[in-house]
Amino acid sequence: RMEPNVNGIRKGGGNIDPVVRGLKYGQLNVQANSGQKIEGGCPNRMDPATAHTEPEDIRSIEVIKGPYALRYGPAFGGVIKLNTAHNYSLDSNFVNLQAVKTYETNRNGNKEYLSVAGGNKIGYLDVSGSRKIYGNYKDGNGNEVNSSFEKYSYGIQAGIKPAANHLISVDYKESKG
């Protein structure tokens, strides 16, 4: 769904830097899974905070505009919450498989993503990984823009349900580009 006054700036050939009401960079508080603050990296913000989360892993996004959400820490422009935690129903056995394979002709880009999850009344395990290899692209005038990159990431989420209405979970993700 479209969110008014929320946009993004393309960074480094493969990332989007969020903008809320014209405010960006350190003016926004980007968080993963309700509390883990994400910081950008590299000079000139080539890797914005959102570069550390694969789009396929995102289950929901919540945008809180303005400096009024003190619950999530200081942020002049607002808070962007990227939820990657799975909301599996642990009432019965389940298996979940998600696979993505894409190719973009203009950028000679390949992207693969795989997530395998399973669980039961006791707990769950979700293992995912992705690979992106993109070449340079051509602008509207046919000029080649140096923007090639390779990025690999993988992650694991596990949860155990020791008692009713209790869940202990662990989430580990690593990305290399």
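One is the number of the first residue; the rest follow in order along the sequence.
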Using 4.0 Å as the upper bound for N to carboxylate O, is an ion pair formed by K138 and E144?
no
Minimum-distance pair of heavy atoms, taken over all atoms of I168 and P162
CD1-CG, 4.1 Å
Take atom CG in L97; do more than 12 heavy atoms of anything else shown fall under 6.0 Å from it?
yes
Criterion side-chain contact (heavy atoms from CB on, under 4.5 Å) on T84 and Q157, from CA distance to verdict
CA-CA 10 Å; T84 63; Q157 291 184 13; 4.0 Å; yes
Value for CZ (R59) from CG (L82), rounded to nearest 0.5 Å, stands at 12.5 Å
Looking only at side-chain N and O atoms, does N110 offer a donor or acceptor that is under 3.5 Å from a partner on Y134?
no
Check the surroundings of atom CZ in F76: do more than 12 heavy atoms from other residues, nucleotides or ligands lie under 6.0 Å from it?
no
Quick check on the hydrophobic clustering: are L28 and V6 connected, directly or via other members, by side-chain heavy-atom contacts under 4.5 Å?
yes
Tell me whether D17 contacts the main-chain N or O of I9 through its side chain, where contact means a donor paired with an acceptor under 3.5 Å.
no
Quiz question: by atom type and distance under 3.5 Å, do the side chains of N108 and Y137 form a donor-acceptor pair?
no
Close side-chain approach of K121 and L90, heavy atoms under 4.5 Å
no
Closest non-hydrogen atom pair, S128 against D57:
OG-OD1, 3.7 Å
E54 and K151 ion-paired at < 4.0 Å
yes
With a 4.0 Å cut-off, would you call K65 and E3 a salt bridge?
yes
Run the numbers on V30 and T53 for side-chain contact (heavy atoms from CB on, under 4.5 Å), then give the verdict.
CA-CA 11 Å; V30 180; T53 303; over 6 Å; no
Considering residues, nucleotides and ligands other than K101, do more than 12 of their heavy atoms fall under 6.0 Å from its NZ?
yes
Taking the six-membered ring for Trp, are Y172 and Y154 parallel (under 30°), tilted (30 to 60°) or perpendicular (over 60°)?
tilted
Identify the two heavy atoms, one from P55 and one from K132, that lie closest to each other, and give their separation to 0.1 Å.
CD-NZ, 4.0 Å
Donor-acceptor pair, distance only, cut-off 3.5 Å: does the side chain of S153 make one with the backbone of G129?
no
Heavy atoms only: give me the nearest N29-A75 pair and the separation to one decimal.
CB-CB, 3.5 Å
Donor-acceptor pair, side chain of N5 and main chain of V20, under 3.5 angstrom
no
For K161 and N165 the tightest heavy-atom approach is CE-N, 4.3 Å
Under 4.5 Å between any side-chain heavy atoms of K176 and E150, yes or no?
no
Do the side-chain N and O atoms of D126 and S115 include a donor-acceptor pair separated by under 3.5 angstrom?
yes
Any sub-3.5 Å donor-acceptor pair from N120's side-chain atoms to I122's backbone N or O?
yes
Minimal heavy-atom distance between I80 and P18, with the atoms involved, is CD1-CB, 3.4 Å
Rounded to the nearest 0.5 Å, what separation is found between the CD1 atom of I156 and the CD atom of E174?
13.0 Å
Find the distance between CG (L125) and CD1 (I160) and round it off to the nearest 0.5 Å.
11.5 Å
Hydrophobic clustering (ILVMFWY, side-chain heavy atoms < 4.5 Å, transitive) - are Y124 and V127 grouped together?
no
Y152-V100 co-clustered via ILVMFWY side chain contacts under 4.5 Å:
no
Interatomic distance, CD1@I64 vs CZ@R71, rounded to 0.5 Å, equals 8.0 Å
Could K111 and E56 be called an ion pair, given the rule that one side-chain N must be under 4.0 Å from one carboxylate O?
yes
